[in-house]
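Computed from a predicted model, the values in this text were never measured in an experiment. So that the names make sense, note that chain A is the first sequence line, chain B the second, and so on, each numbered from 1.
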Number of protein chains: 2
Amino acid sequence: MPATLRDVADRANVSMRTVSNVMSGYEHVSEKMRSRVLAAIADLDYRPNLVARTLRTGRTGMLALIVPEIDVPYFSELARDVINAAAEVGYRVMIDQTGHDHERERQLLTGDDRTMLFDGILFSPLVTRDELREMNTATSMPLVLLGEHEFDGHYDHVAIDNVRAARDATAHLISLGRTRIAAIGAQPAESYATPQQRTAGYEAALRDAGLELDAALLHPAAHYSRADGYAAAQELLAASDPPDAIFCYSDLLAMGAMRAVFDAGLRVPEDVAVIGIDDIEEGRYSRPTLSTVSLDTPFIARSAVARITARIEDPDAPAEEVVAPHAVIPRESTGSGTPG
Amino acid sequence: MPATLRDVADRANVSMRTVSNVMSGYEHVSEKMRSRVLAAIADLDYRPNLVARTLRTGRTGMLALIVPEIDVPYFSELARDVINAAAEVGYRVMIDQTGHDHERERQLLTGDDRTMLFDGILFSPLVTRDELREMNTATSMPLVLLGEHEFDGHYDHVAIDNVRAARDATAHLISLGRTRIAAIGAQPAESYATPQQRTAGYEAALRDAGLELDAALLHPAAHYSRADGYAAAQELLAASDPPDAIFCYSDLLAMGAMRAVFDAGLRVPEDVAVIGIDDIEEGRYSRPTLSTVSLDTPFIARSAVARITARIEDPDAPAEEVVAPHAVIPRESTGSGTPG
DNA sequence: TTGTACGCGTTATCAT
DNA sequence: ATGATAACGCGTACAA
């Protein structure tokens with residue numbers, strides 16, 4: 001049985017209060033007392049019971065990070081940074097996956113499930129625009145949204161400028177002289193926010209350059225996986241008038257798409273240039289290396305943790321938005337990078 | 001303020017006891033009472049306080065998964081499976097990274113840090129053999145070790161037969177007619193268990209085939225990362241008598257190694273065949289696709305969760321070991337697979 | 001079948 | 001500067 005505060009107090013012949021004071025580094029404790037208590041703590045190998053402390057203080061010291069799938073490189077790299085950023089300010093992180101289960105995502109958010117076990121939620125949503133709006137009122141738990149860019153002032157937000165990121169990626173392709181530029185990752189209009197924003201950026205870039213929008217070049221992808229990227233590119237390339245460049249809404253889609261290009265007997269970037277979004281490490285070692293848009297996950301993680309701790313401190317503070325920077329990283333897959 | 005058990009009791013005009021009975025599905029509650037309580041629960045949107053319940057019962061319903069780095073694909077894919085397997089039996093998962101911090105790993109294990117917040121630990125260790133031995137006595141918390149294969153009956157274990165896995169991988173290279181087979185991933189003798197076991201398997205396979213052991217072909221790697229694989233392969237290939245095949249102790253090392261081969265102006269598998277261990281998804285889309293040893297993470301995850309829940313139920317049960325199956329998966333990087 | 005009362009281990013309030 | 005004691009919200013032994 002682990003030793004309790006009372007055991008320590010008895011052993012040191014002081015009150016529990018004094019032990020608690022010593023533990024929390026309270027100023028006004030005599031040296032004599034302090035050393036006596038410290039000795040007792042060491043003797044008994046006492047460690048405070050976090051659960052009891054939580055019951056009393058209402059703070060668990062835990063954050064929940066909710067992502068669609070932890071094994072998607074972008075999210076695991078984000079998780080790494082979030083865990084590290086949280087550790088620096090004394091928080092630990094619980095990770096939950098929503099899979100692609102719509103209902104589960106709602107549960108996690110409305111708290112049907114989560115019951116007081118964490119102090120705040122970092123949520124990388126796959127929800128639709130409408131649900132995003134409804135959410136505001138649903139939860140009273142500190143919440144920071146990750147990755148969306150649709151600020152309406154109701155909740156904290158670490159956003160990516162998806163529209164610009166997509167426009168920049170597409171513009172890069174255009175600057176190469178490509179004219180039939182496909183996109184992989186679009187989703188139905190009533191669907192998630194991210195793909196819609198990226199489609200908007202893609203189309204804006206084409207318009208800016210005076211290129212026509214060809215619906216046949218806008219290819220959907222249900223999940224942002226390698227498999228979906230592969231299948232989508234395969235279809236695109238089989239068309240009578242195939243693209244000479246592909247903008248993928250994620251690096252993972254791009255990895256699949258590149259493989260499909262090779263399997264079709266074509267070359268990247270000579271026949272088809274490919275660019276993604278996320279800047280996952282995989283793309284720095286693939287053949288060819290993958291051009292992409294870097295999203296600065298360390299920045300996102302740090303900002304998110306800073307926002308959530310601020311909100312935990314002051315639940316009534318006005319919601320804030322911080323927009324993470326992004327940058328096009330040209331590599332071999334658009335013929336403009338150096339190997340390695 | 002969230003409603004408490006007492007609020008519900010007052011509202012329904014019953015005692016807290018009755019409400020608690022209803023919550024826990026107790027048999028002998030009259031229908032009238034039950035519906036009255038249920039109504040009150042719904043009215044107040046009551047949800048039990050997990051922390052209070054934990055303080056009372058000693059169970060948190062949380063498992064900790066400790067891995068070196070969550071953004072290493074093998075671990076993130078493992079985490080995905082563990083989270084899912086745990087969810088099926090009502091557990092949630094907290095993820096901690098040890099980084100490559102030796103001290104942190106010890107802290108997490110000895111409990112200097114973890115204080116009662118979870119019911120058990122799933123630990124994918126990077127510890128040394130000696131520490132593994134010391135550990136037995138150090139912790140009293142339910143603990144299941146993942147990935148090691150050095151069972152001494154003191155703790156539960158979901159093991160990989162690292163020696164055989166490495167031997168099988170090397171044997172596959174030998175069956176291709178390769179004779180100068182390098183290995184990337186070795187570490188000093190006083191170091192971690194996994195690399196030592198894999199080195200043992202590698203050397204056993206060479207001996208079995210009557211090939212000589214060349215110390216120059218056994219290349220160390222501090223982390224099992226793409227960068228380390230790249231650097232190691234680069235050195236190997238620059239030698240006067242370069243290898244015609246490379247066995248990497250992880251798929252990630254292999255991804256880096258393959259890139260180094262190309263950058264040296266050589267081909268995979270024609271000039272240098274490459275095989276890894278882990279079977280991460282990345283290797284199924286890389287160019288060429290990566291031959292590897294599959295470790296069956298879903299099996300490992302399921303077994304680990306089954307073991308930990310069993311141990312939580314009965315802390316005094318004898319320790320058990322389950323060995324996960326593995327299988328060589330030939331793909332393009334050893335010239336024996338089919339594309340795709 | 002249901003109500004009362006205590007304890008889980010802490011922190012915080014009120015004294016002194 | 002320190003001691004006694006009341007919460008925090010729940011589960012359950014004991015009573016009724």
- Query: Roughly, in whole Å, what's the span from CG in B:Asp10 to P in C:dT4?
  - Reply: 11 Å

- Between CG of B:Asn21 and C1' of C:dT4 the distance, given in whole Å, is 14 Å

- Query: A:Arg53 or B:Met33: which one's nearest nucleotide on DNA chain C is closer to the 5' end?
  - Reply: B:Met33

- Contacts of type side-chain hydrogen bond (donor to acceptor under 3.5 Å, both in side chains), residue B:Asp7, not counting sequence neighbours: none

- Message: Once side-chain hydrogen bond (donor to acceptor under 3.5 Å, both in side chains) is applied, do any residues pair with B:Asp43, and if so which ones, sequence neighbours excluded?
- Response: B:Arg11

Between the protein and nucleotides 12-16 of chain C, which nitrogen or oxygen pairs are less than 3.5 angstrom apart?
unit_1 : atom_1 : unit_2  : atom_2 : d
C:dT13 : O4     : A:Arg17 : NH1    : 2.8
C:dC14 : N4     : A:Arg17 : NH1    : 3.2

- Message: The criterion is side-chain hydrogen bond (donor to acceptor under 3.5 Å, both in side chains); which residues satisfy it with A:Thr297, sequence neighbours excluded?
- Response: A:Asp81

- Closer than 4.0 Å, any side-chain N/O of A:Thr4 to the OP1 or OP2 of C:dG9? no

- Item | Nucleotide C:dT11, atom P - distance to CZ of A:Arg6 in whole Å | 15 Å

- Message: Distance check needed: C:dG9 C1' versus A:Asp7 CG, whole Å only.
- Response: 10 Å

- Does anyone know the first and last nucleotide of DNA chain D in reach of chain B, 5' to 3', at under 4.0 angstrom to a heavy atom? D:dG9 to D:dC14

- Message: If only side-chain N and O atoms count, and only distance matters, is there a donor-acceptor pair under 3.5 Å linking B:Arg53 with B:Asn49?
- Response: no

- Query: With a 4.0 Å cut-off on heavy atoms, is A:Leu55 in touch with a base, just the backbone sugar-phosphate, or nothing at all?
  - Reply: base

- Taken in chain and number order and not counting sequence neighbours, the residues that satisfy side-chain contact (heavy atoms from CB on, under 4.5 Å) with B:Ala324 are B:Phe299, B:Ile300

Counting only pairs under 3.5 Å, give me each side-chain donor-acceptor contact of residues 84-91 of chain A, with atom names and distances, residues two or more places apart or in other chains.
unit_1  : atom_1 : unit_2  : atom_2 : d
A:Asn84 : OD1    : B:Gln97 : NE2    : 3.4
A:Asn84 : ND2    : A:Arg80 : O      : 3.3

- Tell me, please, which residues at least two apart from B:Arg6 pass salt bridge (charged side-chain N to carboxylate O under 4.0 Å, His left out). none

- Grab the CG-C1' distance between B:Leu5 and C:dA5 for me, whole Å please. 14 Å

- So, for B:Phe75 and B:Ile70, which heavy atoms are closest and what is the spacing to 0.1 Å? O-CD1, 4.1 Å

- Message: Distance check needed: C:dG3 P versus B:Asn13 CG, whole Å only.
- Response: 9 Å

- Message: So, using salt bridge (charged side-chain N to carboxylate O under 4.0 Å, His left out) as the criterion, who are the partners of A:Arg307 when residues are at least two apart?
- Response: A:Asp156, A:Glu320

- Task: Kindly calculate the angle separating the two end axes of the helix from C:dT1-D:dA16 to C:dT16-D:dA1, each obtained from five base pairs, and round it to 10 degrees.
- Result: 40°

- Of all residues at least two apart in sequence or in a different chain, which pass the salt bridge (charged side-chain N to carboxylate O under 4.0 Å, His left out) check with B:Arg59? B:Glu313

- Query: Got a sec, which residues hit side-chain hydrogen bond (donor to acceptor under 3.5 Å, both in side chains) with A:Ser76, two or more places apart in sequence or on another chain?
  - Reply: none

